[in-house]
Protein chains: 2
Amino acid sequence: MTTSRRSGENLPKRAHLHKIFDEYLSQLGLRQTRQRKIILDAVLSSGRHVDAETIFNEVKKIDASIGLATIYRTLKMMTDSQILVERHFGGDRASFEFADLGNEHHDHLICNQCGEIVEFFDEGLERYQDLVAKNLGFNLKNHKMELFADCLASENCNRKNLK
Amino acid sequence: MTTSRRSGENLPKRAHLHKIFDEYLSQLGLRQTRQRKIILDAVLSSGRHVDAETIFNEVKKIDASIGLATIYRTLKMMTDSQILVERHFGGDRASFEFADLGNEHHDHLICNQCGEIVEFFDEGLERYQDLVAKNLGFNLKNHKMELFADCLASENCNRKNLK
DNA sequence: TTCGCTGCAAAGGATTTGCATTCTA
DNA sequence: TAGAATGCAAATCCTTTGCAGCGAA
């Protein structure tokens with residue numbers, strides 16, 4: 001059985017993530033600042049997969065004085081605090097997404113037409129990967145898998161979001 | 001059934017690749033040069049997964065006057081000519097490997113201990129991925145999969161190559 | 001004698017870091 | 001008030017490009 005989630009669906013609760021991040025900060029004797037709140041809000045309202053530039057642009061609307069360096073520093077901090085995970089889909093630009101808080105790991109399917117990213121999890125596939133690694137003489141620890149595909153029916157594809 | 005190949009095994013024949021590359025060059029009216037020969041030789045003797053820096057160091061032993069820019073230009077050219085494929089394992093540095101000349105696609109398993117890269121192909125796994133994509137409403141075109149694992153028995157791991 | 005090639009240095013793009021200043025706790 | 005955080009600019013890292021001279025065909 002395959003479970004999936006498309007971009008923007010099922011976002012973790014705003015308050016919950018603010019709480020986790022705040023707790024992380026105080027545990028380490030770090031400070032809650034205006035820019036950290038703004039950046040987290042920007043991440044929260046920017047969909048599941050964002051990069052530093054996107055957040056920067058979003059943040060500038062609220063406070064134009066915030067610098068790109070702070071975005072990077074804060075994104076890294078959020079990654080350390082486990083609320084975000086860093087990905088490298090393209091090769092150059094890093095992409096961030098919410099960690100699966102207490103939830104399952106997932107993989108990604110990227111639509112060749114519109115670039116939509118569908119997150120999915122398939123237990124059988126996971127087991128199969130485990131088996132293959134064992135056959136090769138290894139003990140699988142984790143993996144990265146991205147499927148690149150065309151949609152079968154146009155409703156599945158949000159190419160309409162493109163211009 | 002899983003087939004696999006470890007770094008350095010089963011290298012394509014030197015003469016064969018030189019021929020393919022030379023033909024590619026003349027087809028496009030490009031020139032065979034001393035540095036292109038040297039760089040291809042360096043790639044050929046550097047194992048299956050190499051980066052620009054590695055090739056640069058190898059090449060310098062033969063001709064210290066060759067510049068890094070030429071390495072990049074030539075590597076790109078070899079990628080265009082289909083004898084190499086560019087990969088992005090880490091995220092920053094690009095890695096190149098020989099294309100599967102008329103052969104099958106493969107995935108990678110990377111050893112957490114020594115960084116060894118094992119190439120493998122498993123038809124069942126491929127079919128399973130296809131199925132998962134279909135379930136999500138997509139037609140799988142290609143994919144990227146990397147397994148990160150620990151070796152089960154020390155003989156499988158070439159950590160002895162590390163210092 | 002052409003152009004394609006090359007080395008070098010400068011340019012790029014993403015991300016990080018040094019530093020003086022500002023601000024949270 | 002101490003020390004963390006910020007903004008800015010400079011610095012990195014990998015890779016690409018511009019350019020004037022070099023060299024295959």
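Bear in mind the structure is a predicted one, so any value in this text is a computation, not a measurement.
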- On DNA chain C, more 5' by nearest nucleotide between B:Ala64 and B:Leu25 is B:Leu25
- Query: Between B:Ser65 and A:Asp51, which is nearer to the 5' end of DNA chain C once each is assigned its nearest nucleotide?
  - Reply: B:Ser65
- Ignoring the backbone of B:Ala52, work out which of C:dC5, D:dA5, D:dT15 is nearest its side chain. D:dT15
Can you check whether [X] has a side-chain N or O nearer than 4.0 Å to OP1 or OP2 of [N]?
X       : N      : answer
B:Thr33 : C:dT6  : yes
A:Arg93 : C:dA14 : yes
A:Tyr72 : C:dT16 : no
A:Gln32 : C:dC23 : no
B:Arg36 : D:dA24 : no

Can you tell me how far [atom2] of [N] sits from [atom1] of [X], to the nearest Å?
X       : N      : atom1 : atom2 : answer
A:Lys37 : D:dT6  : NZ    : P     : 11 Å
B:Leu75 : C:dT6  : CG    : P     : 13 Å
B:Met77 : C:dG4  : CE    : C1'   : 9 Å
A:His88 : D:dC13 : NE2   : C1'   : 14 Å
B:Asp22 : C:dG4  : CG    : P     : 18 Å
B:Leu68 : D:dC13 : CG    : C1'   : 12 Å
A:Ile66 : C:dC23 : CD1   : C1'   : 14 Å
A:Phe56 : D:dC8  : CZ    : C1'   : 11 Å

- Message: Using heavy-atom distances to pick each residue's nearest nucleotide on DNA chain D, tell me which of B:Glu86 and A:Ile71 is more 5'.
- Response: A:Ile71
- Sorted by position of nearest nucleotide on DNA chain D, 5' first, the leading residue of B:Ala69 and A:Gly67 is A:Gly67
- Item | Pair of N/O donor and acceptor under 3.5 Å linking D:dG3 base with A:Arg31 side chain | yes
- Using only heavy-atom distances, decide whether a donor-acceptor pair under 3.5 angstrom links the side-chain of A:Arg73 to the base of D:dG7. yes
- Message: Please check: side-chain N/O of B:Asn57 versus main-chain N/O of B:Glu53, any donor-acceptor pairing under 3.5 Å?
- Response: yes
- Query: Within 45° of the axis and under 6.0 Å from the centre of the six-membered ring of A:Phe138, does NZ or CZ of A:Lys134 qualify?
  - Reply: no
- Stacked cation flag A:Lys76 on A:Tyr72, 6.0 angstrom / 45 deg: no
- Query: So what does B:Gln35 touch, heavy atoms closer than 4.0 Å: a base, only the sugar-phosphate, or nothing?
  - Reply: sugar-phosphate
- What are the two closest non-hydrogen atoms of B:Ser46 and B:Ile55, and how far apart are they? OG-CD1, 4.0 Å
- Message: Does A:Gln32 form a side-chain hydrogen bond (donor to acceptor under 3.5 Å, both in side chains) with A:His18? I'd like the steps, not just the answer.
- Response: CA-CA 10 Å; A:Gln32 292 177 45; A:His18 269 290; over 6 Å; no
- Task: Check the angle between the aromatic planes of A:Phe21 and A:Tyr24 and answer parallel, tilted or perpendicular using the 30° and 60° thresholds.
- Result: parallel
